[in-house]
Number of protein chains: 2
Amino acid sequence: MNLSIFGLKNIPYLKEGDSIEKLIEESIKTSEFFIEDNDVLCIASKVVSIAEGQVMSLNEIQVSDVAKEIHRNIPRKDPRIIEIMLNLVNRDLSRLDIKKNYIGCRLENGLKLTSGGIDRKSVDEVFLLPNNPDASAKRISEYLKKSLGKNVAVVITDSDGREDKRGATQVAIGIYGIHPLRKTEVIDSQGETIKFQEETLCDMIAACAGLVMGQRGTGIPAVLIRGLDYKWSENTSIKEALNE
Amino acid sequence: MNLSIFGLKNIPYLKEGDSIEKLIEESIKTSEFFIEDNDVLCIASKVVSIAEGQVMSLNEIQVSDVAKEIHRNIPRKDPRIIEIMLNLVNRDLSRLDIKKNYIGCRLENGLKLTSGGIDRKSVDEVFLLPNNPDASAKRISEYLKKSLGKNVAVVITDSDGREDKRGATQVAIGIYGIHPLRKTEVIDSQGETIKFQEETLCDMIAACAGLVMGQRGTGIPAVLIRGLDYKWSENTSIKEALNE
């Protein structure tokens, strides 16, 4: 299995209300490649959030005593953002993981992200994650099916890191058209199956896209992966990849 | 930036003492592609471990009381393997992270891996990680430079997971020829630099390779990534990507 990875170009900076699916369609139409059935399209959650208006003003936030207390342990983090995180976890502190300079936040579906995926837009505004990334992925895939006639799996990606490593990679937060896990048969030297191993396919896809997305200033929020061997599947959800 | 990902074929099951670099050379010579300068070669740590004789018999292990105690909390894990992990962390329990059915192990260099990267070979044997994965990466790259005349960065990968997700992806445990981190300039809609973001380039490379490596029973322990824009760099170490 060989893969080709294409960065989608000419996607302008988005503003609220823009149609990310239309911008992707236009980018594909003017690219040196065209989409094919079973391509996998990866889209940075940020542009999906902008298109869907998932921007929140920090000025409206009332900082609670609990948020103030957490802020004392991690002064780097704006207490208003901590307050939003408290709401994301329904004020269940066991779903926050606070270490020096780090807050991990376990979202309602079980996904754990640094700062709950909240990303600063400006001094007084933040981006939240798309409200339902699986639904966003489905909407974009269905739009491309209608407009370009191809079945393209969609993975919504977000940047996130590991405790032991500096920097961030990309992980999957929403999916459509492809199962988020892959079961691999481990075969020994005699050709016997010794075990089945489960792979987090969606995160490998997201990280692969990150190699091309992350380039400095090139503004490539969407990446196409071609050649991945998978079964088209319409009833998929990122939840299937999440630990309980 | 577009990428091409090739799985290296015809690498046989290794046994101790085999030269992984020679097998890779032969695979490349019989492939439909040839290596080019600045390709990135990813190799599964498992085959490097086998070639380097990093196999340990469990029968020789004396299980300590501490290992027995930990085993009571996580009965699924062979107490002899727990004993090896205790040695990997110099018996410093603060470097073990024990949750139901999970042991994370922070190695001497700071890398945290499930079970310390120990992988069962048979009922009574385990694979350990390569002794010095950076050095293995360098040795393989230098061999290919000599035999095929090309500068190829090498990333040694290992499978590992995230707390919130089912299954495993691939992460980097050793590197040569390429810096393990990438600094990305984040530019706003007016073209102004608003921040620099650090990316765990080595892990995105490893996960990307995992998409091709992990396929069921195809035996592809090495993957070539072509087209990645990076600066060749000989003084690199995975340690530069590790948190203290």
Side-chain angles (χ1 to χ4, degrees), chain A residues 1-7 13 15 33 106 110-113 159-171 180-189 191 193 197-208 210-212 214-220 225 227-229 240-243, chain B residues 1-7 13 15 33 106 110-113 159-171 180-189 191 193 197-208 210-212 214-220 225 227-229 240-243:
Chain A
M1 184 172 67
N2 297 332
L3 305 178
S4 302
I5 323 292
F6 306 101
Y13 280 98
K15 52 187 190 306
F33 56 88
R106 192 176 279 277
L111 190 65
K112 185 182 174 184
L113 290 175
S159 64
D160 205 49
R162 280 169 59 96
E163 186 187 335
D164 59 340
K165 290 246 176 77
R166 289 175 60 180
T169 84
Q170 297 272 325
V171 296
L181 298 172
R182 178 170 70 183
K183 256 191 177 169
T184 302
E185 201 175 353
V186 180
I187 294 175
D188 71 8
S189 52
T193 300
Q197 201 152 0
E198 214 167 40
E199 293 178 284
T200 322
L201 182 64
C202 56
D203 283 349
M204 292 195 283
I205 290 170
C208 176
L211 282 177
V212 174
Q215 274 303 81
R216 59 174 69 189
T218 47
I220 299 181
I225 299 177
L228 192 67
D229 185 17
E240 293 167 87
L242 297 172
N243 273 323
Chain B
M1 184 172 68
N2 297 332
L3 305 178
S4 302
I5 322 293
F6 306 100
Y13 279 97
K15 52 187 190 307
F33 57 88
R106 193 176 278 275
L111 189 65
K112 186 181 173 185
L113 290 175
S159 64
D160 205 48
R162 281 168 59 96
E163 186 187 337
D164 58 340
K165 291 246 176 77
R166 288 175 59 180
T169 85
Q170 297 272 326
V171 297
L181 298 173
R182 180 169 70 183
K183 254 191 181 171
T184 302
E185 202 175 354
V186 179
I187 294 175
D188 71 7
S189 52
T193 300
Q197 200 153 0
E198 212 166 43
E199 292 177 285
T200 323
L201 182 64
C202 57
D203 282 350
M204 292 195 283
I205 289 170
C208 175
L211 282 177
V212 174
Q215 275 300 82
R216 59 173 69 189
T218 47
I220 299 179
I225 299 177
L228 192 68
D229 185 17
E240 294 167 85
L242 296 172
N243 273 323

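Each chain gets a letter, A, B and so on, in the order its sequence line appears, and its residues count up from 1.
- With hydrogens and angles disregarded, a donor-acceptor distance shorter than 3.5 Å links the side chain of A:N2 to the backbone of B:G7.
- In this structure, the portion of B:L228 lying under 4.5 Å from any heavy atom of chain A is its side chain and not its backbone.
- No other option in A:A168, A:A207, A:G110, A:C208 has as many heavy-atom pairs under 4.5 Å with chain B as A:A168.
- Listed here is the closest heavy atom pair of B:M1 and A:V212: O-CG1, 3.3 Å.
- Of the listed residues (A:T169, A:L111, A:I205, A:D164), the greatest number of heavy-atom pairs within a distance under 4.5 Å of chain B belongs to A:D164.
- Residues B:E163 and A:N243 come closest through the heavy atom pair O-ND2, 3.0 Å.
- The two residues A:G227 and A:L3 have their closest heavy-atom pair at C-CD2, 3.4 Å.
- Interface summary for chain B: among A:Q170, A:K15, A:E240, A:K112, the most heavy-atom pairs under 4.5 angstrom belong to A:K112.
- How far CG of B:D203 is from CG of A:D203: 11.5 Å, rounded to the nearest 0.5 Å.
- Contact count against chain A (heavy-atom pairs under 4.5 Å) is highest for B:V171 among B:L201, B:L113, B:I225, B:V171.
- Both the backbone and the side chain of A:R162 come within less than 4.5 Å of a heavy atom of chain B.
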